[in-house]
Amino acid sequence: MRRITLLLPLALLLVGCGDFTQEVEVNLPVPEPQLVIESYLEPDSAVRVSVTQTQPFFGAVPQVPIIQNATVTITYNDTIVPLTFSPIGNPLNKFVFGEYRSAPGVVVPRNYTTLFRLLVTEPGGKRATAQTTITPPVARIDTVTFE
């Protein structure tokens, strides 16, 4: 009987509390879109650069916004290589995808001391620059042993 007298008020208290949830509206600021550049430099291969921009996390756009009309160049050894946009992927796909590529036959030289400079300018005036060298190949692993 004593248990019932202790548990009954506790049960009534819990029932009387109702829903333990509360919705909170948080107004997140929408930041200005930023350029996102992804580039691949592989010796004896075409130069490839992807130019996109950031979007709000809770945005309505279900795809990565590809920038197709930017001016993209790469410079090395006093050579300026303009890159042009090439759509790639499934043409039936409703989302645009592509990358900027060097002209056919223009490939990255196999020189590990060459400094490569990338310049991307989008129509709104945003610019991105970068520079790099190509990392020399790592010694090939020919034997693996377990101890």
Side-chain angles (χ1 to χ4, degrees), residues 7 9-147:
L7 291 177
L10 183 60
L12 290 174
L13 179 66
L14 288 175
V15 170
C17 288
D19 192 4
F20 285 109
T21 62
Q22 179 182 6
E23 287 191 30
V24 177
E25 180 91 16
V26 178
N27 293 323
L28 297 174
V30 178
E32 181 180 334
Q34 301 292 317
L35 287 177
V36 177
I37 314 296
E38 183 178 1
S39 179
Y40 296 96
L41 296 175
E42 299 175 44
D44 303 324
S45 296
V47 178
R48 300 178 309 159
V49 177
S50 172
V51 182
T52 60
Q53 68 180 13
T54 59
Q55 64 180 4
F57 184 76
F58 295 109
V61 180
Q63 68 179 18
V64 175
I66 305 288
I67 298 177
Q68 302 178 44
N69 51 357
T71 302
V72 182
T73 58
I74 192 154
T75 307
Y76 60 92
N77 296 338
D78 298 328
T79 302
I80 299 173
V81 178
L83 306 178
T84 55
F85 184 78
S86 300
I88 57 176
N90 183 354
L92 300 176
N93 189 347
K94 65 181 180 177
F95 300 122
V96 177
F97 183 72
E99 62 188 5
Y100 290 83
R101 293 181 145 256
S102 55
V106 177
V107 296
V108 176
R110 187 177 291 274
N111 185 337
Y112 303 107
T113 60
T114 298
L115 181 65
F116 294 89
R117 289 188 171 93
L118 176 69
L119 172 62
V120 177
T121 307
E122 59 100 24
K126 292 181 185 169
R127 292 173 49 130
T129 60
Q131 65 182 27
T132 190
T133 57
I134 299 175
T135 304
V138 178
R140 186 176 276 194
I141 298 173
D142 60 1
T143 306
V144 177
T145 59
F146 294 96
E147 292 184 22

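For reference, positions follow the sequence shown, starting with 1. Note that this is a predicted model, so its numbers are computed, not measured.
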Taking all atoms of both residues into account, what is the closest heavy-atom pair of [X] and [Y], and its distance?
X    : Y    : value
V47  : L41  : CG1-CD2, 3.9 Å
V107 : Y76  : O-OH, 3.7 Å
T133 : T114 : CG2-O, 3.3 Å
V49  : S39  : CG2-OG, 3.5 Å

Taking C-beta and beyond as the side chain, do [X] and [Y] meet within less than 4.5 Å on heavy atoms?
X    : Y   : value
V108 : S45 : no
P31  : T54 : no
K126 : P33 : yes
R48  : E42 : yes
V120 : I67 : no
L119 : T71 : no

Nearest 0.5 Å, please: how far is [atom2] in [Y] from [atom1] in [X]?
X    : Y    : atom1 : atom2 : value
L118 : I74  : CG    : CD1   : 5.5 Å
Q53  : L35  : CD    : CG    : 7.0 Å
N77  : L115 : CG    : CG    : 9.0 Å

Open item on the list: Donor-acceptor check, side chain of S102 to backbone of A46, threshold 3.5 angstrom: yes or no?
Closed with: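 Judged by distance alone, no pair lies under 3.5 Å.
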
Task: Donor-acceptor pair, side chain of Y100 and main chain of A70, under 3.5 angstrom - done: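 Indeed, once roles are kept as given, a pair shorter than 3.5 Å links the two residues.
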
- [ ] Under the side-chain contact (heavy atoms from CB on, under 4.5 Å) rule, what do I66 and F85 come out as? Steps first, then yes or no, please.
- [x] CA-CA 10 Å; I66 305 288; F85 184 78; 3.7 Å; yes

Open item on the list: Tell me whether Y112 at atom OH has more than 12 heavy atoms from other residues, nucleotides or ligands lying less than 6.0 Å away.
Closed with: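 Yes, enclosed.
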
